[in-house]
Protein chains: 2
Amino acid sequence: MIPLSRKSPVSPERCNLARAVNEIGDRWTLLILRSALYGLRRFDDFQSELGTPRTILSGRLRSLVETGLLEKKMYKVEGKRARPEYVLTEKGEALRPVLIALTQWGDVWLDSDSLPPVSFTDMQSRQSVRTAFVTAEGREVPSENLRIVLRR
Amino acid sequence: MIPLSRKSPVSPERCNLARAVNEIGDRWTLLILRSALYGLRRFDDFQSELGTPRTILSGRLRSLVETGLLEKKMYKVEGKRARPEYVLTEKGEALRPVLIALTQWGDVWLDSDSLPPVSFTDMQSRQSVRTAFVTAEGREVPSENLRIVLRR
DNA sequence: ATGCATGAGTTCGTCTTCCAAATCCAGCCT
DNA sequence: AGGCTGGATTTGGAAGACGAACTCATGCAT
């Protein structure tokens with residue numbers, strides 16, 4: 001069990017985790033990102049999948065564009081007029097491992113009875129895949145062996 | 001770039017990611033968990049570190065106990081009265097890799113100029129550590145090689 | 001041209017949640 | 001008794017969430 005502390009080693013203002021939480025740590029934002037990572041791009045597709053109130057959705061999409069997680073582009077299908085679509089940027093796509101890790105946490109701790117509806121495998125070996133900590137050259141480090149290092 | 005889809009392969013109701021978001025996907029909840037993972041346990045310590053309104057904090061702590069992420073225990077220091085403390089359960093502790101992954105996302109995408117204030121190393125080799133996907137036996141799989149598998 | 005369909009929003013009134021400050025409460029101290 | 005301390009609830013006002021209806025632009029059919 002982690003030892004008692006009265007104060008975090010990094011204040012929330014300087015902490016990149018806290019900053020990340022301020023940027024994306026909100027129910028609708030996270031659900032929108034989830035759908036976006038599954039390939040959704042259009043306003044009404046997000047709306048009908050998630051049931052987000054349209055007014056909220058429009059605001060959240062705007063801030064996701066402002067923070068650079070989504071990019072607003074125009075698409076045009078033959079015979080229809082041009083409409084916006086919201087596609088993940090590199091920054092947004094970089095959240096995929098985080099959200100997969102959270103999915104796997106949910107698989108274990110929220111629904112351990114049934115088999116998870118989605119899982120992830122290596123395209124090549126077809127083995128199933130989990131998130132873990134690795135060194136620079138890719139050797140796994142068990143999480144008990146992690147040590148926090150503060151920059152002086 | 002991920003191909004357009006009009007609908008996620010798993011509906012939000014069945015999705016463990018969406019469920020996880022419903023359980024912890026809220027600003028204060030995530031910030032409380034961050035502090036808890038750094039060892040904070042006491043009401044006033046959370047309150048003064050995060051500035052959470054006391055009324056909100058008390059509600060969030062209660063639901064974190066209800067969902068089994070924190071456990072409410074009593075502690076007693078000599079000469080003071082017994083007080084509650086909120087310690088991470090195994091389920092809560094299991095979120096650590098997820099939040100470390102999010103921290104590292106923040107290091108790269110929110111604050112790439114300065115060096116991150118905290119980093120993580122392997123206790124043994126002292127090498128720095130990142131999150132990645134690995135197979136069962138711990139071989140790293142690059143994220144481009146991931147494939148989603150739906151359970152039939 | 002007129003009318004209709006479509007997708008992406010906005011407007012509006014209501015209702016919930018958030019918030020800060022003050023207050024309460026229990027137990028331990030002198 | 002009286003004061004202190006840390007955990008928590010009460011209160012009234014502010015902010016944000018919500019659902020329904022409406023707007024707006026464009027392309028298509030008549």
Side-chain angles (χ1 to χ4, degrees), chain A residues 4-7 12 18 21-33 35-36 39-67 70-88, chain B residues 4-8 12 18 21-33 35-36 39-67 69-88:
Chain A
L4 172 68
S5 155
R6 310 295 310 276
K7 193 153 133 326
V21 166
N22 283 322
E23 192 159 309
I24 63 165
D26 142 297
R27 213 178 98 76
W28 289 123
T29 302
L30 286 166
L31 291 173
I32 291 165
L33 286 171
S35 294
L40 270 67
R41 295 182 194 167
R42 322 233 252 233
F43 190 96
D44 274 15
D45 292 343
F46 289 115
Q47 205 282 320
S48 66
E49 173 157 302
L50 299 172
T52 317
R54 307 177 78 76
T55 139
I56 305 296
L57 180 57
S58 122
R60 292 296 196 280
L61 289 174
R62 189 167 343 105
S63 23
L64 283 165
V65 170
E66 272 164 19
T67 54
L70 297 179
E71 189 185 356
K72 185 172 184 171
K73 298 182 169 178
M74 289 294 169
Y75 73 94
K76 180 146 177 27
V77 294
E78 167 59 26
K80 304 264 179 174
R81 84 175 199 263
R83 297 184 175 288
E85 65 181 359
Y86 299 90
V87 303
L88 284 167
Chain B
L4 173 68
S5 155
R6 310 293 313 275
K7 193 152 134 325
S8 296
V21 166
N22 283 323
E23 191 159 310
I24 63 165
D26 141 293
R27 214 180 98 75
W28 290 122
T29 302
L30 286 166
L31 290 174
I32 291 165
L33 287 171
S35 295
L40 271 67
R41 295 181 193 167
R42 304 186 183 166
F43 190 95
D44 273 15
D45 292 342
F46 289 115
Q47 205 282 321
S48 66
E49 173 156 303
L50 300 172
T52 317
R54 308 178 78 75
T55 147
I56 305 295
L57 180 57
S58 124
R60 292 296 196 280
L61 288 173
R62 190 171 339 106
S63 25
L64 283 166
V65 170
E66 272 164 20
T67 54
L69 287 154
L70 296 179
E71 189 185 355
K72 184 173 185 171
K73 297 182 170 178
M74 289 295 170
Y75 73 95
K76 179 146 177 24
V77 294
E78 170 57 26
K80 306 264 178 174
R81 82 172 201 265
R83 298 183 177 289
E85 64 180 1
Y86 300 89
V87 303
L88 284 167

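Below, chains carry the letters A, B, ... as their sequence lines are ordered, and counting in each starts from 1.
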Between [N] ([atom2]) and [X] ([atom1]): distance, integer Å:
X	N	atom1	atom2	result
R83(B)	dG6(D)	CZ	C1'	4 Å
D44(A)	dC24(D)	CG	C1'	14 Å
R41(B)	dG6(D)	CZ	P	17 Å
Q47(B)	dA8(D)	CD	P	12 Å

Could you pull out all residues at least two apart from R42(A) that satisfy side-chain hydrogen bond (donor to acceptor under 3.5 Å, both in side chains)? Y75(A)
Within-4.5 Å side-chain heavy-atom neighbours: F46(A) and T52(A):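 Result no, sub-4.5 Å side-chain heavy-atom pair not found.
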Taking only residues two or more places apart in sequence, or in another chain, which ones meet R81(B) in a salt bridge (charged side-chain N to carboxylate O under 4.0 Å, His left out)? none
Salt bridge (charged side-chain N to carboxylate O under 4.0 Å, His left out) partners of R54(A), counting only residues at least two apart: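 Once residues adjacent in sequence are excluded, the partners of R54(A) under the salt bridge (charged side-chain N to carboxylate O under 4.0 Å, His left out) criterion are D44(A).
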Where chain B begins and ends its contact with DNA chain C, read 5' to 3' at 4.0 Å from heavy atoms: dC18(C) to dC29(C)
Reading DNA chain D from 5' onward, which residue's closest nucleotide shows up sooner: R81(A) or R62(B)? R62(B)
For K72(B) and for K80(A), find the nucleotide of DNA chain D with the closest heavy atom, then tell me which residue's nucleotide is more 5'.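 Taking each residue's closest nucleotide, the earlier one in sequence belongs to K72(B).
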Axis-to-axis angle across the helix from dA1(C)-dT30(D) to dT30(C)-dA1(D), five pairs an end, to 10 degrees?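 About 0°, once rounded to a multiple of 10°.
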Donor-acceptor contact present, side-chain E71(A) to main-chain V87(A), <3.5 Å: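 Pair absent, no side-chain N/O of E71(A) close to backbone of V87(A).
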Just the table, please: protein N/O against nucleotides 18-22 of chain D N/O, every pair under 3.5 Å.
residue: dC18(D); atom: OP2; partner: W28(A); partner atom: NE1; Å: 2.7

Nearest heavy atom decides the nucleotide; on that basis, is R6(B) or S58(A) closer to the 5' end of DNA chain C?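 By nearest-heavy-atom nucleotide position, the 5'-most residue is R6(B).
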